[in-house]
Amino acid sequence: MTEKATPSPAAIKAWARLMRVSRQLVESAEDTLKAGGLPPLAWYDVLHELAEAGEGGLRPFQLIERTLFAQYNISRLLARLEADGLVEKLRVADDGRGQTIRITGKGRETRRHMWAVYGKSIAELVDARLSADELETLSGLLGRLRHPAIME
């Protein structure tokens with residue numbers, strides 16, 4: 001792959017469409033969650049990562065890496081999730097200031113309720129509009145755009 005000083009018109013068009021469609025899909029999923037009386041999508045992302053991590057939980061910096069939230073955003077979000085009883089903060093024995101964040105039973109239940117709505121939204125917004133082959137192609141193309149240092 002060669003580096004270019006300026007993007008081609010095709011790259012600009014693809015970028016604009018990717019940004020626009022991405023925003024529209026996320027907004028639609030957010031609206032669906034809100035209509036269902038559920039928390040925002042950011043909550044699901046954090047609860048999902050914590051559930052996937054298991055009983056050991058994750059350190060805040062690991063959540064930042066996995067979700068791509070800024071540190072100040074994750075701190076506020078974790079405080080809110082903790083206040084609602086969805087996560088718990090545990091001290092790290094060998095690090096006086098360190099914390100591990102773990103999902104609670106209530107957090108797992110909230111995540112399940114959110115997924116019922118969010119998953120249906122993905123099915124309607126993406127799965128119903130593209131064939132299996134198109135989904136594979138799209139996934140492959142987007143995978144090629146992924147930054148190597150960012151986890152999926």
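Just so it is clear, the values below take in all heavy atoms, side chains as well, and ignore hydrogens, waters and symmetry mates. In this text the structure is predicted, and so the values were computed from the model without any measurement.
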Heavy-atom donor-acceptor pair, R102 side chain to V87 backbone, under 3.5 Å: no
P39 vs L33 side-chain heavy atoms within contact, under 4.5 Å: no
Check: I101 main-chain N/O paired with E88 side-chain donor or acceptor under 3.5 Å: no
Euclidean distance, L63 CG relative to D45 CG, rounded to 0.5 Å: 10.5 Å
Separation between CG of L125 and OG1 of T32, rounded to the nearest 0.5 Å: 6.5 Å
Path from L138 to L25 over hydrophobic side-chain contacts below 4.5 Å: yes
Heavy-atom pair of closest approach, residues I12 and P7: CG1-CG, 3.8 Å
Gap separating the CD atom of E30 from the OG atom of S121, nearest 0.5 angstrom: 10.0 Å
Test item: S139 side-chain N/O and L135 main-chain N/O as donor-acceptor pair under 3.5 Å: no
Residue pair E55, R108: steps toward the salt bridge (Lys or Arg N to Asp or Glu O under 4.0 Å) verdict: CA-CA 12 Å; E55 287 302 309; R108 289 182 192 284; 3.5 Å; yes
Side chain E109, main chain K106, donor-acceptor under 3.5 Å: no
Verdict with reasoning, L90 to Q99, per side-chain contact (heavy atoms from CB on, under 4.5 Å): CA-CA 5 Å; L90 308 169; Q99 299 176 340; over 6 Å; no
Heavy atoms from other residues, nucleotides or ligands near NZ of K89 exceed 12 (cutoff 6.0 Å): yes
Note, L58 side chain near T100 side chain (heavy atom, < 4.5 Å): no
Candidate pair T110 and L47, rule side-chain contact (heavy atoms from CB on, under 4.5 Å), full reasoning: CA-CA 9 Å; T110 298; L47 293 173; 4.2 Å; yes
Atom CZ of R23: over 12 foreign heavy atoms under 6.0 Å: yes
Joint cluster assignment, V126 & V26, ILVMFWY side-chain distance < 4.5 Å: no
Modelled atom types, side-chain donor and acceptor of Q71 and S75, under 3.5 Å: yes
CG-CG distance between L86 and L50, expressed to the nearest 0.5 angstrom: 10.5 Å
E136 atom CD: more than 12 heavy-atom contacts under 6.0 Å: no
Nearest-0.5 Å distance, CZ of residue R66 to CD1 of residue I74: 12.0 Å
Nearest-0.5 Å distance that lies between atom CG in L18 and atom CG in L145: 7.0 Å
Donor-acceptor under 3.5 Å (E49 side chain, V46 main chain): no
Counterpart residues, ring pair (Phe, Tyr, Trp, His ring centres under 6.0 Å), relative to Y44 (two or more places apart): H48, W115, Y118
